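For reference, the structure is listed below as structure tokens.
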2 protein chains.
Amino acid sequence: MNMTEPILKERNILNQLKVVCSLCSLRELCLPIGFGPDELQQLDALTGSKRLVKRGEHLYRTGSEFTAIYAIRGGFFKTSVLHDDGREHVTGFHMMGDIMGLDAISTEAHVCDAVALETSEICEIPFDKLSDLSMIMPVLHQNLHKIMSREIAFDHEIMLMLGKMRAEERLAAFLLNLSQRFSARGYSAASFQLRMTREELGSYLGLKLETVSRIFSRFQEEGLIGVQKKLIELKDTDGLKRLLGGLA
Amino acid sequence: MNMTEPILKERNILNQLKVVCSLCSLRELCLPIGFGPDELQQLDALTGSKRLVKRGEHLYRTGSEFTAIYAIRGGFFKTSVLHDDGREHVTGFHMMGDIMGLDAISTEAHVCDAVALETSEICEIPFDKLSDLSMIMPVLHQNLHKIMSREIAFDHEIMLMLGKMRAEERLAAFLLNLSQRFSARGYSAASFQLRMTREELGSYLGLKLETVSRIFSRFQEEGLIGVQKKLIELKDTDGLKRLLGGLA
DNA sequence: GAAACGATTTGATCCAAATCATAATCCGTG
DNA sequence: CACGGATTATGATTTGGATCAAATCGTTTC
């Protein structure tokens, strides 16, 4: 073996990385562990096919062909399914650092709508390219599995919430989770802006919008949170946690 | 390049396949698409580390180290999480052909208990070996993604059920899903034995056991199903589907 | 800047499922 | 096979959240 082969291989990887829209977004997001410093620098240096999705626009729709997964660089999305009778069910809220579209791999068609709740920047990652690439980059391969596994585990938490918690507990759990996610991304854990309506939040939590509104008011009376329209301030995190009691 | 290298590689794969407990179980189950006839025959010929789990025994427990995923060759499992206050929440029912343990990849520790509801035969698949192997077998790699993706999509359906459906709709949806799963495995779609108690079923569906019992009785009065203890007979599948209305 | 529409809050009433209670039945085990 | 605990069925009552209703507040839009 001579030295040219590894170099060629290296170059090939770099080319593919470009195609793969740059993993700079992935670096910031969910795939950071395990790359060496050099690899990280290379990933960072690459610029990829980013795209703006304006508030209210669809990133993808139910039934459209699955070709890519999407890393959110900034902004806020909801995913939802629409029923025959016109009712909407919100299946998730997604922010900077989250990956969307993983549930479509098995059917090769998207199974929900993804809509931007504010103007957002996303990074499109062609899945076949990512898949090929992960065959030669073990770390990427592992991280891909971890991301999917994390989504499964997170969904199980949601199922617990929907199946076992009362309305107050659901709201408390939601606020604490959102706070924690903002905090993990460098934003304030105590104060944040909701991007969704009461109706969308209710749909996600299995509640009616009136119930969401009432419980926000009640939490405010009890000094647990401050509410000004969409601006939420967590005033007594321990109190909220106490509400959850024995549940997770 | 000479001819020895591919042959060595091939042998290496076969050795690893043995370690990987044999993919014969996987063949029957969730990874069947994409292997050539020769590969399939080889997979079938291999016998792997199967294990019996008796009724009531744990396959794994919350917090135990994640080392393997499990393919069910026969039998029936529930997965559940236990809360501080002693309450149990059932997160899933699993039968022949299902893969369990995927939600533990990200944390490297199991996040739920898996208990056999009847004496069952499982195949343990060491995950690091499977992961290595999938690096050199693209089809295995793809199928692994598909399985995980399918689990995510299925969980979204459960979330819909828990968030939007009334008790009757949940039971109807559950019975139809179970029937369809039995049917896909070659068993009768119209008549089957429930392996779980009313309480476990209620826990899974977000209902109390009394509600489950009452609705089974009501369905029977209406001629939708026949119930004799745990033996369920679907008498009017269309009627059950009609109950679901616009949902799913 | 007024009009129009959407989002939120709050009140009154209703209902599905939980809870409480009691049998009846099943099934594992000594 | 008879005992005892677990499971199921069913009735009576309670209640949390849905539904119906109306007023207020915001924010597009023309």
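Labels below follow one simple rule: chain letters A, B, ... track the order of the sequence lines, proteins then strands, and each chain is numbered from 1. Bear in mind that the values here come from a model prediction, so they are computed numbers and not experimental data.
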Subject >> Of the listed nucleotides C:dA12, D:dA21, D:dA9, the one nearest the side chain of A:R214 >> reply: C:dA12
Subject >> For atom CD of B:Q228 and atom C1' of C:dC27, their distance in whole Å >> reply: 17 Å
Subject >> Spacing of B:L201 atom CG relative to D:dT8 atom P, expressed in whole Å >> reply: 10 Å
Original post:
Once you round it to whole Å, what is the distance between P of D:dT8 and CD1 of B:I215?
Top reply: 15 Å
**OP:** Of all the heavy-atom pairs spanning A:R55 and A:L117, show the shortest one and how long it is.
**Re:** NH1-O, 3.4 Å
Subject >> Closest listed nucleotide, where the reference is the side chain of B:K229 and the choices are C:dT10, D:dT8, D:dA12 >> reply: D:dT8
**OP:** Measure centre to centre between the rings of B:Y187 and B:F192, then say whether the value is under 6.0 Å.
**Re:** no
Original post:
Can you tell which of D:dA18, D:dT8, C:dT8 lies closest to the side chain of A:K208?
Top reply: D:dA18
Original post:
For the pair made of CD in B:E210 and C1' in D:dG11, what is the distance, rounded to whole Å?
Top reply: 12 Å
Subject >> Under-4.0 Å salt bridge between A:E57 and A:R51 >> reply: no
Subject >> Axis bend over the full length of the helix from C:dG1-D:dC30 to C:dG30-D:dC1, computed from five pairs that close each end, to 10 degrees >> reply: 50°
**OP:** Among the candidates D:dT19, C:dA7, C:dT19, find the nucleotide nearest to the side-chain atoms of A:K230.
**Re:** C:dA7
Subject >> Cationic N near anionic O, under 4.0 Å, A:R185 to A:D98 >> reply: yes
**OP:** Taking only the side-chain heavy atoms of B:L207 (C-beta and beyond), determine which of C:dA17, C:dA7, D:dA18 contains the nearest atom.
**Re:** C:dA17
Original post:
Looking at the rings of A:Y70 and A:F77, which for Trp means the six-membered one, are their centres under 6.0 Å apart?
Top reply: no
Subject >> Interatomic distance, A:R55 CZ vs C:dA7 C1' [rounded to whole Å] >> reply: 11 Å
Original post:
What does B:T197 touch in the nucleic acid at a heavy-atom separation under 4.0 angstrom: a base, only the sugar-phosphate, or nothing?
Top reply: sugar-phosphate
Subject >> Distance in angstrom units between B:R198 CZ and D:dA9 C1', rounded >> reply: 9 Å
Original post:
Salt bridge between B:E88 and B:K78, side-chain N to carboxylate O under 4.0 Å?
Top reply: yes
Original post:
Tell me, which pairs form a ring pair (Phe, Tyr, Trp, His ring centres under 6.0 Å) where one or both residues lie in residues 223-245 of chain B, sequence neighbours left out?
Top reply: none
Subject >> Residue B:S213, side-chain heavy atoms: nucleotide from D:dT8, D:dA18, C:dT9 that is nearest >> reply: D:dT8
Original post:
Is any side-chain nitrogen or oxygen of B:T211 closer than 4.0 Å to OP1 or OP2 of C:dA18?
Top reply: yes
**OP:** Give one of base, sugar-phosphate or nothing for B:G206, where a contact means two heavy atoms less than 4.0 Å apart.
**Re:** sugar-phosphate
**OP:** Compare the minimum distances between each of D:dA9, D:dA18, C:dT10 and the side chain of B:V227, then state the nucleotide with the smallest one.
**Re:** D:dA9
**OP:** Specify the separation, in whole Å, of atom CZ of B:R166 and atom C1' of D:dG17.
**Re:** 14 Å
Original post:
Charged N to carboxylate O below 4.0 Å: is that the case for A:K208 and A:E199?
Top reply: no
**OP:** Using whole Å, report how far CG of A:L209 lies from P of D:dT19.
**Re:** 10 Å
